[in-house]
Amino acid sequence: MTIYAAAKQSKPLRRFLKPQTHKTHSSSLFLRSLSAEPNPPLQEEDDESYIAQVVQLLQPSEKDWNFKQLHHLLFSDGSNPSLSRLFRITRRLNYSKALDFFDYLRANSPNQEDSELSSTFHAVLDVASREPSSQNKLLELYRRSKELSIPLNIKATTLLIPCLGRVGMVDEALIAFNKIDPSCKNTHVRNLIIRELLKWGQVDDALHLLDEMLEAKAEFPPDSVTGDFVFGALLKRGRAGRQISEDEIFGLVVKFGKHGVFPDKLKLTQLIMKLCRNGKIDDALDILYDVMKSEGVVEAASCNAVLTGLGRKNDFKRMNLLMAEMKERNIQPDAVTFGIVINFLCKSRRVDEALEVFEKMNGGENDRFPVEPDVIIYNTLIDGLCKVGRQEEGLQLMERMRLQNGCAPNTVTYNCLIDGFNKVGEIERARELFDEMEKEKVPPSVITLNTLVDGMCKHGRINSAVEFFNEMQSDGMKGNATTYTTLISAFCNVNNINKAMQLFDEMLRVGCTPDAIAYYSLISGLSRAGRLDDASFVVSKLKEAGFRMDAVSYNVLINGLSKKSKVEKVYEMLKEMEENGVKPDVITYNTLMSYFSKTGRLETAHEVLRKMLSEGLVPTVVTYGALIHAYCLNGDTNEAMKIFREMSCASKVPPNTVIFNILIDSLCKRSEVELALSLMDEMRVKGVKPSTTTYNAMFKGLREKNLLDKAFKFMDRMVVQACNPDYITMEILTEWLSAVGETEKLRNFVKGYEVSVSSA
DNA sequence: GTAGGGTTAG
């Protein structure tokens, strides 16, 4: 509908254009119009001939107008013609004539009123809007109206707002809107101005006007058009102006709902997705239930969006409630709905429940709408099975897929299975599956490549991995950042830093852009290898590439630097962190504390602890470990024991094996073996498992006091607990037991492990 | 629906 057609339908104008037919009138006009029916009313006939005459007079160019006759026709009885007549005359002229006529009226009309000017000006605008290059003409007219202070009526403003908006003169549009009489500000004109305000990012102005419309008893409430573009605007983001917060979105949707205006199916789903993405699941659910209750159209997609959000929050209870609600309201679940539930169960390692849902979805007796599982659902299940080590069942499910029409295994299916066999160390089976892909004409992807490369790396076959990568490359497949990161990390882990660096260079050379993870991995590898200059070089490259250092990467560097006692550099790093707005975390503080503790700087360690607490960070078992270690190294086992007692009761951080090890080692070294033994008991009582280090410390202490029986007891316990001795254990025991002629016991000890290995 | 990464104490 054109703007003109819309105007024609609105009431005030119709009153001008049509004969008066008010039933309460007993005037002659009323009778005449009645008697004239069904023929055109006389009034209109009169108007028509009058208008035709005036228009005729206006046909020559302005200088040739018959001003006398014109004046006579227009103003002969001393009063101006009706607004309706002027409007209709003007609308029959072309743009330039209309403008001339308007100027003539302004100059000559004897009793000039705002309404007359406004109405005629509106007619000029209307003419302009239907001519070529209407945009420029309207803008010109707008400027003119300001220059000459011509008041704009609602119709004129309605025409001008979109035109001003189009060229970004949104402030002017708002001024024009504000000048309209409040009682005329109908929904249509409000829609126009709000739309422009939103378009140009003037969110606050828009929301303010919207609020007026959304009031409970608003005179001009929102309509479906309002809803349409407001909901649309709520979905867009990152455009000019401030962001509309999720809370505002929720509030608006609710208020629209109170006026019976709801987002359409698609927008509802998108709004819900947006809310869910930002953690506003409760709001998303509220909106969904609102629409359901108002009997709006809700389809599975909207419910699926909420189900996804609930799944992410691990809220299985409400997932079930929503599905029950869907059933009640006859909202048919689709494959995606089942996929979400199955995926949730698989990711929570509840694979058997996932399989139950799967069996029910198309075969269950109580389901009115059977849904065929699709490839994605099969793949989800196969991945779920593989992730809990049931890759054989995964294989069976793949066979079952082949039996279902249109559900052939694809690349993802194979990738999941290959990863499954990799994770349990069955590299050969993984490789066989890869070969099977070629036979089955399922193309491998870069993920297939990376999965196999990772499997080989994780099982100590880095060279095979490189070889395989090269083969794939000669087959035309390209690696990506993940491929290189996998290999780089693998080489770092075996301390082959040069090879790692070489791969990084290769990655750049072949035009594969490293991502942040690639940089982080190399930085970590270099730091751990003590090559801090190389590490900081890579840091500079990371920054050049536009990535940012995060707390973890700084921690890696700080740890590396403190291991090399480069304290000044550590402080430099801390300063840089602050400058870059990266807050030190618990691990940063723990790293610092353990460095100062190890180097005997107890006071500095305490200072770090104070700072950490003042930052609101909660000490962990590692924090206590560092502190206890510091006191032990200072020879103050009493204070160490005091902290040990405090940590479990006051701070509720239970000590772990490492804490006990520190204390037992220190006590044994100070010949307080009895106390160490009592800690061993405490470990048993508290269910903290001793490690090889624990036993080694204990054996050293016991040897000093020659407490053989106790040593034998611990040797038995090590065997029972399958706690493997290391070379230190063997050194202590061999030396001690040989010296006292108990080599038989030592032999049995070693044999015990052989037995446990063979039985396993 | 599938792949890669880095941090602290003995």
Side-chain angles (χ1 to χ4, degrees), chain A residues 335-336 339-340 342-343 346-347 373-384 386-387 409-420 422 444-455 457-458 479-490 492-493 514-528 535 549-560 562-563 584-595 597-598 619-630 632-633 655-666 690-694 696-697:
Chain A
V336 177
I340 292 165
I342 287 171
N343 186 37
C346 285
K347 292 285 153 6
D374 57 12
V375 188
I376 293 185
I377 288 182
Y378 275 106
N379 289 346
T380 308
L381 281 163
I382 289 170
D383 187 54
C386 288
K387 289 265 156 44
N410 63 13
T411 308
V412 176
T413 321
Y414 277 100
N415 291 348
C416 296
L417 285 163
I418 288 172
D419 193 51
N422 273 342
S445 66
V446 68
I447 295 182
T448 321
L449 163 69
N450 293 342
T451 307
L452 277 160
V453 166
D454 186 52
C457 287
K458 291 270 155 63
N480 62 13
T482 302
T483 327
Y484 285 99
T485 303
T486 307
L487 290 168
I488 288 170
S489 300
C492 285
N493 282 334
D515 57 12
I517 295 176
Y519 286 103
Y520 292 153
S521 304
L522 193 57
I523 292 165
S524 162
L526 292 169
S527 298
R528 274 187 294 156
M549 287 286 284
D550 62 0
V552 179
S553 302
Y554 279 117
N555 290 345
V556 167
L557 286 171
I558 289 170
N559 186 43
S562 56
K563 289 242 161 72
D585 62 9
V586 179
I587 293 181
T588 321
Y589 284 104
N590 286 347
T591 307
L592 295 170
M593 277 189 63
S594 81
Y595 169 70
S597 296
K598 256 184 297 197
T620 66
V621 66
V622 179
T623 322
Y624 287 108
L627 210 56
I628 288 169
H629 195 203
C632 287
L633 289 174
N656 61 11
T657 307
V658 178
I659 300 284
F660 278 103
N661 290 353
I662 298 166
L663 286 164
I664 287 168
D665 185 58
S666 179
S691 64
T692 309
T693 314
T694 326
N696 289 349

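In the text below, chain A, chain B and the rest are named by the order of the sequence lines, each starting its count at 1.
Out of dG5(B), dG10(B), dT7(B), the shortest distance to the side chain of Val552(A) is found at dT7(B). Nearest to the side chain of Ile659(A), among dA9(B), dT8(B), dG5(B), sits dA9(B).
Between Lys458(A) and the phosphate of dA3(B), there is no side-chain N or O to OP1/OP2 separation shorter than 4.0 Å. The phosphate of dT8(B) has OP1 or OP2 within less than 4.0 Å of a side-chain N or O from Asn559(A). Phosphate contact (OP1/OP2 of dA9(B), side-chain N/O of Lys563(A), threshold under 4.0 Å): present. Thr413(A) has no side-chain polar atom (N or O) that falls below the 4.0 Å cut-off from OP1 or OP2 of dT2(B).
Evaluation of atom-type donor-acceptor distances gives a pair under 3.5 Å for the side chain of Thr693(A) against the base of dG10(B).
Between Ile447(A) atom CD1 and dA3(B) atom C1' the separation is 5 Å, expressed in whole Å.
If you check the side chains of Asn555(A) and Asn590(A), you find no donor sitting under 3.5 Å from an acceptor.
Residue Ser691(A) is in base contact, counting any heavy-atom pair closer than 4.0 Å across all strands shown. Among the atoms of the strands shown, base atoms are found under 4.0 Å from some heavy atom of Thr482(A). Using a 4.0 Å heavy-atom cutoff across all strands shown, Val556(A) reaches sugar-phosphate atoms only and no base atom. Ser521(A) comes within 4.0 angstrom of sugar-phosphate atoms only, judged by non-hydrogen atoms across all strands, and of no base.
The ring of Tyr520(A) lies on top of the base of dG6(B), close enough and flat enough: under 5.5 Å between centres, under 30° between planes.
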